[in-house]
Amino acid sequence: MSEKVRVRFAPSPTGYLHLGGARTALFNWLFARHNKGTFILRIEDTDRTRSTEEYIETIIDSLKWLGLDWDEGPYRQMDRFDIYKHYAEKLLNDGKAYYCYCSPDELEKRRKEALKQGKLPKYDGRCKILKDPIPGRVPAIRFIMPQDGKTIVDDLIRGKVVFENSQLDDLIIMRSDGTPTYNFTVVVDDVEMRITHVIRGDDHLNNTPKQLHIYSAFGYEIPAFAHLPMILGPDKTRLSKRHGATSVTSYRDMGYLADAFINYIVRLGWAHGDQEIFSRNELIELFSLEDVGKSHAVFNREKLLWLNSQYIMKTSTEKLMELVMPFLVREKIITEGQILDKKWLSKAVETLKERSRTLLELAHSLHFYIAEEIVFDKKAKEKFLNERYLPFLKDIKNELEKLEIFVAPNIEKVFKEIVEKYNTKLGNIAQPVRVAITGKTESPGIFEVIEIIGREKTLKRLEKAIKTIV
RNA sequence: GUCCCCAUCGUCUAGUACGGCCUAGGACAUCGCCCUUUCAAGGCGGUAACACGGGUUCAAAUCCCGUUGGGGACGCCA
């Protein structure tokens, strides 16, 4: 390919950006970046009744969050209606298209009838031979499809796919309200925008022969095609709202990191040997359509979570603090505008880094550090805040009160002394204290925790725990 | 109904193009052990797959045919 690579992501704003769309965008973006080409964003909003500005915004938000930046666009097909009209008229003049006066209702009826009889539900072409317009009706425009021979789609991922032209029917390219339709606008735009590689979902493979005939009606060169296998839900059907969270923004809101999300979806259909974790630059360097698989993939939340935890562990504490802030506010762990001491927070976050799979979990775990008071988990309380452990709690409280320099190593010494005094195991002392301080039976190392929480709150919480026992 | 696509552990996949290096490798999940103040993290180990049936061949996960299963498309949606 002598021409510079030009690819596009062309979502329709009739819904938010979902996982599958995000992966299509990602593969296009990676292909463009790998080949030092151009990545174009084009909004396919020809369906005026279902497209909304809100969806355009969330799609753009999602792409930005994922860091998939585009070099051209966003173009909007709505702004280009004159162009499509012009192209449609050309086809009309060349006798390659005709006016169709059938109403959507009639068409729908005939289609259902055909399906019921087990026949191909295709348009019978009755308006093609029509001499005069049908009065009182505004026509749509149909493109004439050949009925003989075969059409071969040479796909970069699937190889040569053969379609019988007899399967094709005359396709509406302009609706009666004057708006153009998908199979027509993609071709016009891909030609006009000099797209070299059309990388899109598998669900478009069947549309490709139709589009190929439109290319040839205009005498245009065809781009290369690459149809990506779909991503399915756990029940192996097309991903939809039924499968719970599928929108990209919902993953952001659940506390996933953009890089982890990218890393997860790139591995749905693409692999580079046994490698699991890739930096952006590695992806750009390594990505190739040849390594894209043919079979569909099933979304698996557990692996995404694992990847996210891996990314959280290697994210700098500084960055993590920044990222977790909105979650702290949203979860009402801090109030809007509340300032936390940076150095202190960084110590707290540090202890939680390898225990949090999402930013949301991190925010929740931060609660016991930040809150003034904590509540004891019921089971934890029953098990550890009782007579048996009371003397330990009292001793720990007394000793910590006297401790001069309130840092983890010294706190550890206090614990060790009491372990010795009672000739018991550390666990017997650490666990009740942990429950007293954090409310739960799991937490980061207790000496660290105590240091970070500080003397005042520690003593207060120990006192409260002791009071619940006596 | 017709057409198209796909088929390796539960899931993501390596291996398939150039058939032998595959008694099929990795990762997530799961189970066990180690580490250990708890929970994680980390380390070690286990369970677990070439859909089936025919060919071709000295040799097939890899090539061919069929079956089955799954998915997708058949719109004045994209």
Side-chain angles (χ1 to χ4, degrees), chain A residues 10-15 44-47 49-51 100 102-104 107-108 111 114-123 138-142 153 155 157-158 161-164 166-169 171-177 179-183 185-186 200-209 227 229-230 232 234 236-238 264 267-277 290 293-307 309-310 313 352-357 365 380 412 415 419 425-431 433-435 438 440-447:
Chain A
S12 148
T14 52
E44 309 226 321
D45 54 354
T46 54
D47 184 343
T49 58
R50 294 196 304 156
S51 299
C100 174
C102 301
S103 75
L107 260 15
E108 183 59 24
R111 202 170 7 249
L115 236 24
K116 216 171 77 188
Q117 292 179 16
K119 285 195 289 197
L120 241 197
K122 65 184 233 185
Y123 181 62
V138 187
I141 299 174
R142 278 187 195 269
V153 176
D155 191 273
I157 294 170
R158 327 235 147 223
V161 184
V162 183
F163 295 86
E164 294 288 337
S166 59
Q167 291 290 320
L168 272 25
D169 67 348
L171 167 108
I172 290 184
I173 55 174
M174 294 290 272
R175 301 185 184 92
S176 47
D177 67 0
T179 60
T181 62
Y182 167 73
N183 280 296
T185 58
V186 244
R200 74 219 316 187
D202 217 354
D203 46 338
H204 287 294
L205 186 56
N206 290 290
N207 287 325
T208 312
H227 287 96
M230 308 205 84
L232 308 178
K236 302 208 175 175
T237 63
R238 212 178 207 284
Y264 177 72
R267 290 284 288 96
L268 258 24
W270 177 85
H272 181 74
D274 285 339
Q275 191 171 343
E276 294 288 348
I277 296 180
E290 276 146 49
K294 292 178 178 182
S295 48
H296 66 232
V298 174
F299 175 74
N300 179 235
R301 185 171 158 273
E302 294 300 324
K303 189 147 184 184
L304 208 210
L305 271 172
W306 172 76
L307 266 169
S309 66
Q310 294 294 311
M313 278 188 268
L352 261 14
K353 261 173 108 160
E354 62 189 29
R355 284 159 235 266
S356 308
R357 294 184 301 174
S365 304
E412 180 169 1
F415 273 71
V419 166
K425 285 188 295 186
L426 219 207
N428 287 137
I429 296 176
Q431 278 308 78
V433 171
R434 175 170 279 118
V435 173
T438 70
K440 290 173 293 195
T441 51
E442 323 88 47
S443 84
I446 192 65
F447 315 131

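A, B, ... follow the sequence lines: proteins, then strands. Residue 1 opens every chain. Note that this is a predicted model, so its numbers are computed, not measured.
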### Task
Would you mind pulling out the nucleotide paired to rA60(B), Watson-Crick or G-U wobble, both distances under 3.5 Å?
none
### Message
Taking only side-chain N and O atoms of Gln310(A), does any of them lie within less than 4.0 angstrom of OP1 or OP2 on rG42(B)?
### Response
yes
### Query
According to the Watson-Crick and G-U wobble definitions, with both distances under 3.5 Å, which nucleotide is paired to rA51(B)?
rU67(B)
### Message
Distance check, P atoms only: rC12(B) and rG54(B), in whole angstrom units.
### Response
28 Å
### Task
Round to the nearest Å and state the distance from Leu305(A) atom CG to rU11(B) atom C1'.
14 Å
### Summary
Lys294(A) NZ to rA61(B) P, in whole Å, measures 19 Å
### Task
Nearest whole angstrom, please: distance from the C1' of rC5(B) to the CZ of Arg200(A).
15 Å
### Query
What distance separates Met313(A) CE from Arg355(A) CZ, expressed to the nearest 0.5 Å?
11.0 Å
### Task
Ignoring hydrogens and angles, tell me if any N or O in the side chain of Tyr264(A) forms a donor-acceptor pair with the backbone of Arg301(A) under 3.5 Å.
no
### Proximal nucleotide (of rA41(B), rU38(B), rG26(B)) relative to the Glu276(A) side chain
rG26(B)
### Task
Locate the shortest heavy-atom distance separating Lys294(A) from Ile157(A); write the atom from each residue and the value.
CE-O, 3.4 Å
### Message
Main chain of His227(A), side chain of Asp155(A): is a donor-acceptor contact present, judged purely on distance under 3.5 Å?
### Response
yes
### Side-chain (Thr181(A)) to main-chain (Ile172(A)) donor-acceptor, under 3.5 angstrom
yes
Between the protein and nucleotides 46-48 of chain B, list the N/O to N/O atom pairs that are separated by less than 3.5 angstrom.
none

### Task
Sugar-phosphate means primed atoms, P, OP1 and OP2; the rest is base. With that split, encode nucleotides 65-78 of chain B 5' to 3' as B, S or - using protein heavy atoms under 4.0 Å.
-----SSBSBSBBB
#### Entry: P gap between rC58(B) and rG53(B), integer Å
22 Å
### Query
CD of Gln117(A): more than 12 outside heavy atoms within 6.0 angstrom?
yes
### Query
Side chains of Lys425(A) and Gln431(A): closer than 4.5 Å at any heavy-atom pair?
no
### Query
If you round to the nearest 0.5 Å, how far is OG1 of Thr179(A) from CD1 of Ile173(A)?
12.0 Å
### Query
Where the side chain of Thr185(A) meets the backbone of Tyr182(A), is there a donor-acceptor pair that is under 3.5 Å apart?
yes
### Message
Just checking Arg267(A): does its CZ atom have more than 12 heavy atoms from other residues, nucleotides or ligands closer to it than 6.0 angstrom?
### Response
yes
#### Entry: Closest non-hydrogen atom pair between Pro121(A) and Asp169(A), with its separation
O-OD2, 4.4 Å
### Task
Report which part of the nucleic acid Val162(A) touches: base, sugar-phosphate, or nothing (heavy-atom distance under 4.0 Å, all strands).
sugar-phosphate
### Task
Between rA27(B) and rG46(B), how far apart are the P atoms? Round to whole Å, please.
12 Å
### Earlier contact from the 5' end, RNA chain B, for Lys119(A) and His272(A)
Lys119(A)
### Query
Under the 3.5 Å rule, do the base of rC39(B) and the side chain of Arg355(A) count as making a donor-acceptor pair?
yes
### Query
Can you tell me the Watson-Crick or wobble partner of rC9(B), both distances under 3.5 angstrom?
none
### Message
Just the rounded figure in Å: distance from C1' of rC4(B) to CD1 of Ile157(A).
### Response
15 Å
### Query
rC44(B) and rA49(B): how far apart are their C1' atoms, nearest whole angstrom?
24 Å
### Query
Between atom CG in Leu205(A) and atom P in rC6(B), what is the gap in whole Å?
9 Å
### Query
Quick one: what's the B/S/- string for nucleotides 29-37 of chain B, heavy-atom cutoff under 4.0 Å, read 5' to 3'?
S-------B
### Query
Which whole number of Å gives the distance between the C1' atom of rA7(B) and that of rC52(B)?
12 Å
#### Entry: Between C1' of rU13(B) and CD1 of Ile277(A), the distance in whole Å
15 Å
### Query
Which nucleotide, in any strand shown, forms a Watson-Crick or G-U wobble pair with rC3(B), with both distances under 3.5 Å?
rG72(B)
### Summary
What one should report as the nearest heavy-atom pair of Leu107(A) and Cys102(A) is CD1-CB, 3.5 Å
### Query
Roughly how far apart, to the nearest Å, are rU62(B) and rA24(B) at atom C1'?
12 Å
### Task
Determine yes or no for a side-chain-to-main-chain donor-acceptor pair under 3.5 angstrom, with Arg111(A) supplying the side chain and Lys122(A) the backbone.
no
### Query
What integer number of Å spans the P atoms of rC65(B) and rC6(B)?
12 Å
#### Entry: Nucleotide opposite rC33(B) in a Watson-Crick or G-U pair, distances under 3.5 Å
rG43(B)
#### Entry: Distance in angstrom units between Phe163(A) CZ and rC5(B) P, rounded
7 Å
### Task
Would you mind reading off the distance between Asp274(A) atom CG and rU13(B) atom P, rounded to a whole angstrom?
14 Å
#### Entry: Listed nucleotide nearest any side-chain atom of Ser295(A), set rU38(B), rU13(B), rA7(B)
rA7(B)
### Message
With rounding to the closest Å, how many angstrom separate the C1' atoms on rC63(B) and rG71(B)?
### Response
25 Å
### Heavy-atom side-chain contact between Asp202(A) and His296(A) under 4.5 Å
no
